[in-house]
Amino acid sequence: MKNTTLLLTILLLTPACINAQSRVAKPIKQITQQSSISSARDSIDWFQEKARSMDMLTALSSADELKNVPLTDEKREEMLSLLDAAPRPHYSRLTAGDKEILSVFMREELILKEDAPYKYVGTMGLGPCIALGIVAKKEGKVIAAGVTHIDALTQLESLGGYVWRISQGADELDAYLISSGYQRDLAASILEKITRNPDVQKIIKIYADIAGPSSMAISVETGEIFSKIPLPKMLYEEITDQKAKTVMFPSGLRRSSLYNLLEENQK
């Protein structure tokens, strides 16, 4: 029963998430010169066909490969209490202008340092998925900001490396769990992973809005959190058919290919 429920979640909700991330795609010209609209639509068609054909063997084997260890009842209640007690983020309004937001795809992570050529990082399509945004500070000054996009097939153990990397040199971490899908159990499991390290526990503060917006972004200059991002401001690499198909199978977080763009612009 548990595998069947996960199967339906994967096959029915994943296409909607990809559709939200691609329907007004604005590819970064430094990476690709062609529109991603057609390939994204092909990927959506592939997912919908997968849902119609109900390839149980492939999808159920994918669910079995996930291997996220369920929380004990005691730990789950502890994390849900932490989630319920967390204050909601204070969202700022994204003013008009030429701000460009680097957007991560499902199961990708991207961390901007304070000297990065781009100043905003975010994601969209947050329905069943959850964004984990982190602002790292040292003596009150923002030194890094990162976002990752977590779905039902994310191997959550991989969150540890993301949190560890962004926490380097920081004496304060503000972590934001944002989604419009009200996935309490997934949020609880995320909280357990990111607060497991005793050193992180000492400096992290949790904010949560899991019945909130479907898109978000963070400024690495100010640490401000933004919601309801105008989609044309989101910049990301072309969503190819192959890239979309990879999210049908469990995996840990991947480095966003937009790191290449950051490196090119810092040369």
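For this chain, numbers begin at 1 and follow the sequence in order.
- Among all heavy-atom pairs drawn from I194 and L177, the shortest one is CD1-CD1, 4.5 Å.
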- Residue pair D151, T154: steps toward the side chain to side chain donor-acceptor pair (under 3.5 Å) verdict: CA-CA 6 Å; D151 69 355; T154 303; 2.8 Å; yes

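- The backbone N or O of F105 lies less than 3.5 Å from a partner atom in the side chain of E108, making a donor-acceptor pair.
- Between Y176 and D209, the side chains place no donor N or O within less than 3.5 Å of an acceptor N or O (distance only, hydrogens not considered).
- Taking 4.0 Å as the cut-off between side-chain N and carboxylate O, E114 and K141 count as a salt-bridged pair.
- Judged by distance alone, the side chain of Y162 and the main-chain N or O of V147 form a donor-acceptor pair under 3.5 Å.
- Note that CE of M216 is 14.5 Å distant from NZ of K228, once rounded to the nearest 0.5 Å.
- Summarising the geometry of I130 relative to A187, their closest heavy-atom pair is CD1-N, 3.7 Å, with the distance given to 0.1 Å.
- Across all non-hydrogen atoms, the minimal contact from T195 to Q201 is O-NE2, 2.6 Å.
- Between the side chains of S257 and N260, no donor N or O sits under 3.5 Å from an acceptor N or O.
- A donor-acceptor distance shorter than 3.5 angstrom exists from the side chain of S179 to the backbone of C129, with no hydrogens or angles considered.
- With hydrophobic clusters built from ILVMFWY side chains whose heavy atoms lie under 4.5 angstrom apart, L132 shares a cluster with L186.
- Atom-to-atom distance recorded for K138:NZ and S167:OG is 12.0 Å, nearest 0.5 angstrom.
- Linking ILVMFWY residues whenever their side-chain heavy atoms come closer than 4.5 Å, directly or via other members, leaves Y118 and I143 in distinct clusters.
- Shown here is Q168, whose CD atom has more than 12 heavy atoms of other residues, nucleotides or ligands within 6.0 Å.
- Between atom OG1 of residue T72 and atom CD of residue E192 there is a gap of 8.5 Å, rounded to the nearest 0.5 Å.
- Across every non-hydrogen atom of L253 and S158, the tightest pair is N-OG, 3.0 Å.
- Following chains of ILVMFWY side-chain contacts shorter than 4.5 Å, one cannot reach W164 starting from V121, and the two form parts of different hydrophobic clusters.
- Within the model, atoms OG1 of T123 and CG of L110 stand 10.5 Å from one another, a figure rounded to the nearest 0.5 Å.
- Here the side chain of S180 pairs a donor or acceptor atom with the backbone of L126 at under 3.5 angstrom.
- Proximity of L173 to V135: side-chain heavy atoms (C-beta onward) are nowhere separated by under 4.5 Å.
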- I134/I204 under side-chain contact (heavy atoms from CB on, under 4.5 Å): CA gap, chis, key distance, verdict: CA-CA 9 Å; I134 298 181; I204 196 167; 5.7 Å; no

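- The 12-atom threshold is exceeded at NZ of K119, counting heavy atoms of other residues, nucleotides or ligands nearer than 6.0 Å.
- Between Y91 and P213 there is a side-chain heavy-atom pair separated by less than 4.5 Å.
- Between V104 and L258 there is no side-chain heavy-atom pair separated by less than 4.5 Å.
- The number of heavy atoms from other shown groups lying within 6.0 Å of CG (D73) does not exceed 12.
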- Task: Take I190 and L159 through the test side-chain contact (heavy atoms from CB on, under 4.5 Å) and record every step on the way to the result.
- Result: CA-CA 8 Å; I190 293 169; L159 292 176; 3.9 Å; yes

- Begin with the C-alpha distance, continue with both residues' side-chain angles, and end with the deciding distance and a verdict on side-chain contact (heavy atoms from CB on, under 4.5 Å) for K113 and V220. CA-CA 7 Å; K113 300 295 186 180; V220 73; 6.0 Å; no

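- One finds the CD1 atom of I178 at 6.0 Å from the CD1 atom of I225 (value rounded to the nearest 0.5 Å).
- Looking at every heavy atom in both residues, H149 comes nearest to G125 through CE1-O, 3.9 Å.
- Between the R254 side chain and the M106 main chain, a donor and an acceptor come within less than 3.5 Å of each other.
- Atom-to-atom distance recorded for K193:NZ and I150:CD1 is 11.0 Å, nearest 0.5 angstrom.
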- Before giving the answer on side-chain contact (heavy atoms from CB on, under 4.5 Å), spell out for M124 and I229 the whole-Å C-alpha distance, their side-chain angles and the decisive distance to 0.1 Å. CA-CA 8 Å; M124 55 187 163; I229 311 301; over 6 Å; no

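- Between K137 and D174 there is a salt bridge, since at least one side-chain N of the basic residue sits less than 4.0 Å from a carboxylate O of the acidic one.
- Contact between S251 and R107 at its shortest, heavy atoms only, is OG-NH1, 3.1 Å.
- Checking E224 against T222 by side-chain atom types alone, a donor-acceptor pair falls below 3.5 Å.
- Using modelled atom types, one finds a donor on one side chain and an acceptor on the other under 3.5 Å when comparing E109 with Y259.
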